[in-house]
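The structure appears below as structure tokens.
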Amino acid sequence: MRLALEQAVLTAASADVPVGAIVLDADAEVVGVGRNARELTGDPTAHAEVLALRSAAAALGTWRLSGCTLVVTLEPCTMCAGALVLARVSRVVFGAADPKAGAVGSLWDVVRDRRINHRPEVVSGVLAPECGSLLRDFFEGRRGVS
């Protein structure tokens, strides 16, 4: 999670929400990295998770990321949760819960829906205080709260 937090901090150069993600292979080696880049790129799909999945798929030469773990600082949204399922990621680990848009247990639970054919293991709350603090600081700064 610390590596994902490092990616999130790198969004400071843009107006993007500080979310970072990494993908680990079955040997716990980093094979993909991503951080939010919607504002930077003008791409609505440039979420940290999607960019990390793309990076991992390129590094591994396949879209099937079975055996891989995605680690992300914020609970994935519906788009990202769907991408995790479609990529066949084996495990998703996230830090801060997202009660407004989270799709890995908070608002929805896309990844554990029994109607789909692949359901990754979920580990939540890893370094949640640090992940949440980074997001709170960002949004307080945007609102001018000190």
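The analysis underlying the following values was restricted to heavy atoms, covering all of them including side chains, and did not include hydrogens, waters or symmetry mates. Quick note: residue numbers are just sequence positions, from 1.
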Review point. Do the side chains of Val23 and Val33 join up, straight or via other hydrophobic residues, at under 4.5 Å, putting them in one cluster?
Key: no

Revision key, fill the gap. With sequence neighbours left out, the residues meeting side-chain contact (heavy atoms from CB on, under 4.5 Å) with Ala12 are none

Practice item. Keeping the roles fixed (side chain from Thr73, backbone from Cys131), state whether a donor-acceptor pair exists under 3.5 Å. Key: no

**Study point:** Side-chain heavy-atom pair Leu135, Pro18 within 4.5 angstrom cut-off
**Key:** yes

**Study point:** Donor-acceptor contact present, side-chain Glu75 to main-chain Asp98, <3.5 Å
**Key:** yes

Point to revise | Minimum heavy-atom distance Gly95-Met1, with the two atoms named | key: N-CE, 3.4 Å

Point to revise | Pair Val50-Arg54, side chain to side chain contact (heavy atoms under 4.5 Å, CB included): steps then yes or no | key: CA-CA 6 Å; Val50 170; Arg54 288 176 184 164; 3.5 Å; yes

Exercise for review: State yes or no: do Val72 and Val17 share one hydrophobic cluster built from I, L, V, M, F, W and Y residues joined by side-chain heavy-atom distances below 4.5 Å, directly or via other members?
Suggested key: yes

Check your understanding: Is there a path of hydrophobic side-chain contacts, each under 4.5 Å between heavy atoms of I, L, V, M, F, W or Y residues, that connects Val19 with Val122?
Key -> yes

Point to revise | pair Pro120-Leu70: side-chain heavy atoms closer than 4.5 Å | key: no

Revision key, fill the gap. To the nearest 0.5 Å, atom CG of Leu24 lies from atom OG of Ser90 at 11.5 Å

Check your understanding: Run the side chain to side chain contact (heavy atoms under 4.5 Å, CB included) check on Arg2 and Leu127 step by step: do they pass?
Key -> CA-CA 8 Å; Arg2 297 247 182 247; Leu127 297 181; 3.8 Å; yes

Check your understanding: Heavy-atom distance under 4.5 Å between the side chains of Leu86 and Trp63, does that happen here?
Key -> no

Check your understanding: What heavy-atom pair brings Ser106 and Pro99 nearest, and what distance separates the two atoms?
Key -> CB-CA, 4.0 Å

Point to revise | Exercise: identify the closest heavy-atom pair between Asp16 and Phe138 | key: O-CE1, 3.5 Å

**Study point:** Nearest atoms (heavy-atom pairs only) where Ala52 meets Gly34
**Key:** CB-N, 3.8 Å

Exercise for review: With side chain to side chain contact (heavy atoms under 4.5 Å, CB included) as the test, would you mind laying out the steps for Val92 and Val123 before giving the verdict?
Suggested key: CA-CA 6 Å; Val92 59; Val123 178; over 6 Å; no

Review point. Heavy atoms, side chains only, cut-off 4.5 Å: are Leu53 and Val89 in contact?
Key: yes

Exercise for review: Enter the distance from Asn36:CG to Glu49:CD here, rounded to the nearest 0.5 Å.
Suggested key: 7.0 Å

Check your understanding: Between Lys100 and Leu107, is any pair of side-chain heavy atoms under 4.5 Å apart?
Key -> no

Exercise for review: Kindly work out whether a path of hydrophobic side-chain contacts (I/L/V/M/F/W/Y, heavy atoms less than 4.5 Å apart) joins Ile116 to Leu84.
Suggested key: yes

Practice item. State, to 0.1 Å, how close Phe94 and Ser124 come at their nearest heavy-atom pair, and which atoms those are. Key: CZ-CB, 3.2 Å

Exercise for review: Return yes if some donor-acceptor pair links the side-chain N/O of Asp27 with the main-chain N/O of Glu29 below 3.5 Å, else return no.
Suggested key: no

Check your understanding: Where do Val104 and Ala81 come nearest, in terms of heavy atoms and distance?
Key -> CG2-CB, 4.2 Å

Exercise for review: Treating Ile, Leu, Val, Met, Phe, Trp and Tyr as nodes and any side-chain heavy-atom pair under 4.5 angstrom as an edge, say whether Val30 and Val71 lie in one connected cluster.
Suggested key: yes

Check your understanding: Sub-3.5 Å donor-acceptor pair from the side chain of Arg114 to the main-chain atoms of Arg112, do we have one?
Key -> no

Exercise for review: Step by step, work out the side chain to side chain donor-acceptor pair (under 3.5 Å) result for Arg35 and Ser14.
Suggested key: CA-CA 11 Å; Arg35 59 184 174 268; Ser14 69; over 6 Å; no

Practice item. To the nearest 0.5 angstrom, please state how far the CG atom of Leu51 sits from the OG1 atom of Thr45. Key: 7.0 Å

Point to revise | Gln7 and its side chain to side chain contact (heavy atoms under 4.5 Å, CB included) partner, picked from Thr11, Leu5, Leu10 | key: Leu10

Point to revise | Test item: His118 side-chain N/O and Ala87 main-chain N/O as donor-acceptor pair under 3.5 Å | key: no

